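Everything on this sheet refers to the single structure shown next.
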Amino acid sequence: MFFPLYGVKVEHAEVTNMDFFFFFFLNGQKRGDSLLLHFPKEIENYFAWQYFWTHFMFLFVRQNPRWGAANTALVRWLPAEYEDGESEPKGWNPERLHNGFQLSPARTVSREIMTSASKWKDDSYSQLLVDWGQYISHDITLTPQSTSTDGSDVDCLKTCENVHPCFPIQLSLLWPPNCGTNGPSILGCMPFFRSTSDCFVNFQSGIRQALQRQQLNAMTSFIDASAVYGHNQKLESFLRDLPGRNGKLAVNDQFKDPKGRPYLPFVTKLPSACHQDLQGERVECFSAGDSRVSEGLPLTCLHTLWLREHNRIADALKHINGHWSPEMIYQETRKIIGALHQIITLRDYVPKIIGPESFKHYIGPYRGYDPSVDPSIANVFATAAFRFGHATISPILWRLNESFQEDERFPHLRLHNTLFSPWRIVKEGGIEPVLRGVIGSAASAVSTDMLLADEVTERLVVLDTLKHMDLAALNLQRGRDHGLPGYNDWREFCGLQRIKTLADLSLVVGDSRVAKRILDLYKHPDNIDVYPGGLVERLLPGSRTGPLFACLIGRQMKVLRDGDRFWWEADGVFTQQQKEELLKFSLSHLICENSDIAEVPLDPFRFGKYPSHFVSCDQIPSMNLEAWKEEMGEGQPVKNCLRIFCLLFKKSLP
Ligand code: HEM
Ligand SMILES: [Ca+2]
């Protein structure tokens with residue numbers, strides 16, 4: 001399995017005997033596997049574990065072990081629509097008519113209605129809101145792509161023909177389209193690898209659907225900090241500082257920041273494909289729980305902050321509970337970090353993305369774990385709705401100094417000069433200049449006539465291809481590759497009216513010129529792809545999405561929360577006192593604790609000018625980890641006990 005655009009190969013599922021063991025007894029919920037289960041040192045060996053599994057694991061067996069596990073299929077909320085009914089994407093046969101018309105190539109749609117040479121600013125939010133979106137998307141979804149070598153002898157980097165597994169994005173010579181008399185002529189193509197298909201046949205949905213091509217999610221769908229810890233045992237072990245016996249994560253052994261703070265470790269396969277500063281030592285791609293960590297600098301900064309926070313909390317827990325084993329410290333810390341990811345996402349992020357009304361409507365207050373809810377990621381969410389964020393990418397990466405002014409030594413950069421360039425962190429002042437830029441500059445606005453910045457539609461850098469790519473066209477082609485039904489079908493799914501006329505579309509878009517351009521291009525409203533359709537909708541009040549994407553994102557977030565046995569608010573996961581402490585956490589606190597930045601906004605997702613809207617780090621609430629103190633008394637119940645032994649025996653550990 002291969003992620004060509006990120007230049008990282010990932011072996012399929014890496015299932016070991018032990019994994020099967022975990023899988024059957026613990027129902028495949030990888031994160032849960034290690035979150036609640038903690039053992040005293042005496043039984044931290046295989047045979048004792050086996051005894052434990054055999055005798056007590058029935059307590060955890062659930063009906064749907066694969067829901068939300070890594071390397072399972074993206075689920076369908078509507079059946080797939082392929083040209084041949086089973087696997088060929090729409091547009092595979094360019095001559096084929098859809099509702100009487102040929103489909104416009106993805107690149108044409110991108111240039112006609114999605115690419116923008118400029119972006120407005122949205123003074124309500126900071127750039128961090130955008131970057132958290134990307135970061136959290138990497139916790140919940142990663143769609144692996146086929147390699148050219150998957151049983152075929154075509155090279156998708158070279159061919160411009162539709163031959164499995166290649167589905168290249170055709171480039172049109174004439175621009176703008178329709179300006180010539182003989183129709184657009186083909187200039188070449190951008191490489192495109194089809195997503196890997198799932199070989200698991202699910203007959204529950206009927207024979208026809210069972211035979212349809214399905215795509216995979218390589219991550220755990222749960223918001224569980226899998227981007228920090230990895231989603232399989234091998235990666236998880238690699239990321240830990242096991243020799244240190246301290247419950248911490250491994251750090252970079254070659255470089256530290258100017259104040260001695262650690263960086264993420266490098267990947268092991270060297271030399272890595274990341275770009276280099278031509279002077280001095282090489283800086284390789286970083287490694288983390290998610291392989292895309294080096295894609296952009298703000299993303300790498302967020303990964304670095306969480307690595308440091310894990311190690312900081314692990315130190316504190318060791319100090320508070322001197323009797324805890326390294327394994328216990330690691331697992332408790334991981335559990336806390338997972339909960340913090342959930343809190344930031346559902347409390348701070350999602351309401352700003354879908355707006356307060358949609359939050360109330362689609363998500364609502366938490367009412368406990370519901371075992372009948374499937375927490376898997378939906379294909380339409382990963383492939384269209386949550387890619388709304390691509391329309392909010394800033395073409396400039398802002399870097400700021402201590403006074404939150406442009407840093408003279410490290411000036412702002414055009415985005416394409418920052419992708420896959422971790423050397424800019426190591427050699428250009430650490431994470432601080434980028435982080436200050438992220439909290440100290442306004443987010444790009446979303447507006448129907450300025451969608452994706454041309455920095456990502458004309459100059460997107462991906463590894464393993466020298467050609468610049470077009471992110472809008474990739475998203476669209478990916479939607480067709482996955483057989484996503486059209487925009488109108490998804491509107492109906494969400495209880496919104498189907499678009500029948502130009503007037504309908506103008507109303508929904510709020511701009512009749514844009515609506516006309518779309519219908520001129522697609523010719524029939526039922527042909528509009530869900531990605532551009534959802535993206536151009538007029539935003540709901542107080543949101544960054546229109547009604548369709550708000551519905552799809554809202555529904556996805558609700559199932560991620562309600563279908564998660566280990567959701568931080570679920571019964572028995574944390575004590576009341578611990579929950580109260582967790583709620584004090586904020587991304588501002590994360591930045592204060594783990595960087596050299598001493599002043600931050602109270603709500604770092606909101607844009608505020610420096611210095612008037614910033615406060616000193618002393619004023620940012622912080623968690624008191626004493627709530628995790630475990631008081632040991634012989635034969636007495638353990639205080640704050642939520643560990644599995646305590647739950648089973650209601651007494652202190654031997
Ligand atoms: C500089 C910023 C970003 C870059 C360069 C970037 C780039 C990419 C690329 C190259 C892909 C794979 C495209 C394909 O071949 O299908 C992708 C996928 C995706 N992106 Fe982004 N992205 C960025 C920011 C964001 C943001 C802000 C969000 C959401 C708020 C987001 C959400 C997603 C999602 C959900 C996927 C699909 C993941 C999967 O299932 O594999 N991205 N992005
Ligand atoms: Ca996850």
Side-chain angles (χ1 to χ4, degrees), residues 122 124-142 219 221-228 288-290 292-310 337-355 359 363 377 381-382 385-394 397-398 415 418 431 434-446 542-545 549-550 553-554 556-557 560-561 568 582-583 585-595 597 600-608 620:
D122 179 347
S124 313
Y125 302 109
S126 72
Q127 180 58 34
L128 184 61
L129 189 74
V130 177
D131 297 322
W132 183 259
Q134 184 183 27
Y135 175 77
I136 207 64
S137 78
H138 293 182
D139 187 319
I140 58 184
T141 171
L142 170 56
M219 297 306 272
S221 73
F222 304 100
I223 302 173
D224 58 357
S226 49
V228 179
D290 179 70
R292 297 161 286 190
V293 46
S294 300
E295 193 265 354
L297 300 182
L299 182 69
T300 309
C301 290
L302 284 168
H303 276 278
T304 309
L305 288 172
W306 285 114
L307 166 94
R308 294 177 184 176
E309 182 68 357
H310 175 101
I337 298 281
L340 298 176
H341 278 61
Q342 297 180 342
I343 291 172
I344 299 298
T345 305
L346 262 284
R347 180 193 66 185
D348 301 345
Y349 175 75
V350 175
K352 296 183 176 71
I353 298 305
I354 66 173
F359 193 92
I363 303 179
I377 293 290
F381 172 86
F386 211 59
R387 298 190 188 206
F388 84 94
H390 291 166
T392 64
I393 296 174
S394 163
L397 179 104
W398 313 96
L415 184 74
T418 67
I431 61 174
V434 178
L435 270 182
R436 285 191 210 98
V438 158
I439 54 174
S441 9
S444 291
V446 197
S543 88
R544 306 263 286 169
T545 46
F549 282 176
I553 295 171
Q556 183 70 69
M557 291 297 163
L560 291 186
R561 183 191 68 180
W568 75 280
L582 290 169
L583 275 172
F585 187 86
S586 63
L587 283 185
S588 291
H589 176 64
L590 180 74
I591 293 169
C592 286
E593 287 289 356
N594 300 292
S595 75
I597 296 175
V600 288
L602 269 175
D603 178 353
F605 284 154
R606 299 241 170 240
F607 175 65
I620 300 290

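Keep in mind the model is a prediction, meaning the values are calculated, not measured. Numbers here are sequence positions counted from 1. Basis for what follows: all heavy atoms, side chains included, without hydrogens, waters or symmetry-related copies.
- In terms of heavy atoms, His138 sits closest to Ala227 at O-CB, 4.1 Å.
- Formation of a donor-acceptor pair under 3.5 Å by the Arg561 side chain with backbone atoms of Ile363 is found in this model.
- Looking at Arg544, its side chain never comes within 3.5 Å of a backbone N or O of Ile354 through a donor-acceptor pair.
- Between Trp568 and Ala339 the shortest heavy-atom distance is CB-CB, 3.6 Å.
- Summarising the geometry, atom OG belonging to Ser586 is positioned 8.5 Å from atom CD1 belonging to Ile591; distances are rounded to the nearest 0.5 Å.
- Annotation: Phe386 is in aromatic contact with Phe381 [ring centroid separation under 6.0 Å].
- Between Arg308 and Ile431 the shortest side-chain heavy-atom distance falls below 4.5 Å.
- From Thr300, atom OG1 reaches atom CG of Leu307 across 12.0 Å, with rounding to the nearest 0.5 Å.
- Taking CD1 of Ile620 as the reference point, atom OG of Ser588 lies at 4.5 Å (rounded to 0.5 Å).
- In this structure, the side chains of Val228 and Asp139 stay at 4.5 Å or more apart for every pair of heavy atoms.
- For Phe222 and His341, the gap between ring centers reaches or exceeds 6.0 Å.
- Residue Ser444 comes nearest to Thr392 through the heavy atom pair CB-O, 3.7 Å, listed as atom of the first residue, atom of the second, then distance.
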